[in-house]
Amino acid sequence: DDGSPKLVVSKPNGTRIYRSSRAGETVGIKLLNQNIDHQQAGENLSQMNFNLSLNELLEHEETISKLLPPEVNKRQVIEVGFFNGTPALYFKWENGITCEEWLDKVRSQQQTQSTQQEAKLTVRLRAAVSIAKTLTQFHQRRVVYNSLSLDNIVLTPFEGNYLATFIDLSDAVICSDEQTFDDRKGVDLMNLGIVLNQLFRTDGGGEDATFANAGRREGGGELTSSSRRVSTNSGGDVPSNIGNLRKRGKQLTPGDGLPLYLRAMVSTLIGAGGQEN
């Protein structure tokens with residue numbers, strides 16, 4: 001790799017992501033399509049961001065990234081600059097793969113390998129817990145993410161669990177007070193339900209036996225099918241913000257930092273699915 005920019009993502013809405021090197025570090029470069037109506041730049045722009053220009057959208061993403069503290073697992077924006085004369089967002093490249101890619105690999109491996117049902121459930125639970133924990137980090141700062149989906153999450157293995165990083169901040173909104181946040185956070189919770197549903201379903205849309213059995217053993221209900229979202233990166237093995245994750249050598253465990261409604265759900269499922277060494 002000579003470090004020259006390489007196109008790695010091209011979305012239907014015209015957004016392009018390049019990977020390059022800068023001062024010895026791997027960086028991403030995000031460009032929005034300047035030739036389409038700016039209202040199409042985001043797949044589902046939040047109401048507060050709907051009337052922003054393309055440049056303002058990039059600057060908005062930079063603002064969100066820099067206002068959130070380093071320990072929040074989000075895309076780390078370096079600056080808004082230019083790429084071949086076009087306004088661009090430069091950010092630190094997040095090691096890992098999107099949750100969408102991860103799920104495809106997990107499904108493929110579990111179909112071709114002899115894996116115990118408990119192990120099949122546990123690996124997905126660990127991913128689900130990491131996603132819920134990152135969403136909790138956002139909500140603790142009164143930030144509504146607004147675009148939670150499999151392709152906006154990068155998963156990286158970390159100390160036997162996963163680190164989930166939210167990579168597209170263009171729709172995120174920082175709420176000025178608790179009432180505004182309470183009024184807006186519902187979209188994130190609904191999208192979280194959709195993402196968790198997708199994590200525990202098979203390729204054909206049917207429910208995985210491991211999750212269905214776990215829910216029945218604990219008296220839980222079954223998730224309904226949905227692939228819609230309300231309202232990308234790939235690379236190595238070590239998360240770029242790994243230094244923020246270690247707290248005096250404490251091992252991350254499922255449930256740490258989760259709000260009550262998510263902790264109860266995860267604890268129920270983990271109790272049904274067993275422990276993984």
Side-chain angles (χ1 to χ4, degrees), residues 1 6-12 15 17-19 26 28 43 73-75 91-135 147-168 191-215 223 225-229 232-242 245 252-254 266 269-270 272-277:
D1 190 346
K6 291 181 172 55
L7 180 65
V8 293
V9 175
S10 182
K11 293 187 175 182
T15 298
I17 302 291
Y18 292 82
R19 184 168 64 177
T26 302
E43 294 177 5
N73 301 325
K74 85 295 186 181
R75 169 175 285 167
F91 57 91
K92 293 183 180 179
W93 191 261
E94 202 61 51
N95 294 323
I97 59 176
T98 66
C99 192
E100 189 172 40
E101 295 171 297
W102 176 87
L103 186 56
D104 287 341
K105 289 187 176 183
V106 167
R107 285 172 172 164
S108 177
Q109 291 171 355
Q110 293 183 349
Q111 287 174 354
T112 58
Q113 299 175 3
S114 176
T115 307
Q116 293 183 347
Q117 287 188 344
E118 288 78 5
K120 289 181 179 180
L121 174 62
T122 302
V123 70
R124 299 187 191 209
L125 277 173
R126 294 190 185 282
V129 169
S130 70
I131 294 167
K133 289 178 70 173
T134 298
L135 184 60
S147 56
L148 190 62
S149 61
L150 295 178
D151 61 341
N152 276 340
I153 303 166
V154 165
L155 288 177
T156 307
F158 179 70
E159 294 187 352
N161 293 295
Y162 290 99
L163 170 68
T165 301
F166 294 176
I167 57 173
D168 188 343
N191 284 332
L192 176 63
I194 292 173
V195 167
L196 295 181
N197 185 359
Q198 294 168 329
L199 283 181
F200 292 102
R201 300 191 74 84
T202 59
D203 288 318
E207 192 173 28
D208 278 336
T210 52
F211 183 74
N213 291 339
L223 294 174
S225 175
S226 174
S227 60
R228 296 189 300 274
R229 168 165 63 83
T232 314
N233 294 342
S234 61
D237 298 321
V238 181
S240 61
N241 53 346
I242 189 171
L245 300 173
L252 296 179
T253 57
V266 170
L269 291 173
I270 288 178
Q275 299 293 326
E276 182 183 36
N277 296 324

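This is a predicted model, so every value here is computed, not measured.
- Taking 4.5 Å as the limit, some side-chain heavy atom of Ile97 sits within range of a side-chain heavy atom of Lys105.
- Residue Phe166 is tested with Val154, Asn152, Thr134 for a side chain to side chain contact (heavy atoms under 4.5 Å, CB included); the sole match is Thr134.
- Put simply, the side chain of Gln109 never gets that close to the backbone of Val106: no donor and acceptor are under 3.5 Å apart.
- The two residues Val9 and Lys11 come nearest to each other via the heavy atoms CG1-CG, 3.9 Å.
- With Thr156 contributing its side chain and Asn95 its backbone, the two residues share a donor-acceptor pair below 3.5 Å.
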Q | Test side-chain contact (heavy atoms from CB on, under 4.5 Å) applied to Leu148 and Ile153, step by step | A | CA-CA 8 Å; Leu148 190 62; Ile153 303 166; 3.7 Å; yes
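- In this structure, CG on Leu125 lies 11.0 Å from OG on Ser130, to the nearest 0.5 angstrom.
- Ala127 and Trp102 get closest at one heavy-atom pair: CB-CH2, 3.6 Å.
- Between Thr122 atom OG1 and Asn161 atom CG the span is 11.0 Å, to the nearest 0.5 Å.
- For the atom pair CG (Leu135) and CG (Asn73), the distance works out to 11.5 Å, reported to the nearest 0.5 Å.
- Here the side chains of Tyr162 and Val123 are in contact, with some heavy-atom distance below 4.5 Å.
- Closest approach of Cys99 to Leu199, counting heavy atoms only: SG-CD2, 3.8 Å.
- Here the shortest heavy-atom pairing between Asp168 and Ser147 reads O-OG, 3.8 Å.
- Annotation: cation-pi geometry satisfied between Arg75 and Phe91 (NZ/CZ under 6.0 angstrom from ring centroid, within 45° of ring axis).
- The shortest side-chain heavy-atom distance between Leu150 and Val195 falls under the 4.5 Å cut-off.
- Between atom CD1 of residue Ile131 and atom CG of residue Leu196 there is a gap of 6.5 Å, rounded to the nearest 0.5 Å.
- By the side chain to side chain contact (heavy atoms under 4.5 Å, CB included) test, Thr26 pairs with Arg19, Trp93, sequence neighbours left out.
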Q: Report the C-alpha distance between Ile167 and Asp151 in whole Å, list the side-chain angles of each, state the deciding distance to 0.1 Å, and finish with yes or no for side-chain contact (heavy atoms from CB on, under 4.5 Å).
A: CA-CA 9 Å; Ile167 57 173; Asp151 61 341; over 6 Å; no
Q | Step-by-step side-chain contact (heavy atoms from CB on, under 4.5 Å) determination, Thr98 to Glu101 | A | CA-CA 5 Å; Thr98 66; Glu101 295 171 297; 3.0 Å; yes
Q: Kindly indicate, with the supporting measurements, whether the criterion side-chain contact (heavy atoms from CB on, under 4.5 Å) is fulfilled by Arg107 and Arg124.
A: CA-CA 10 Å; Arg107 285 172 172 164; Arg124 299 187 191 209; 3.8 Å; yes
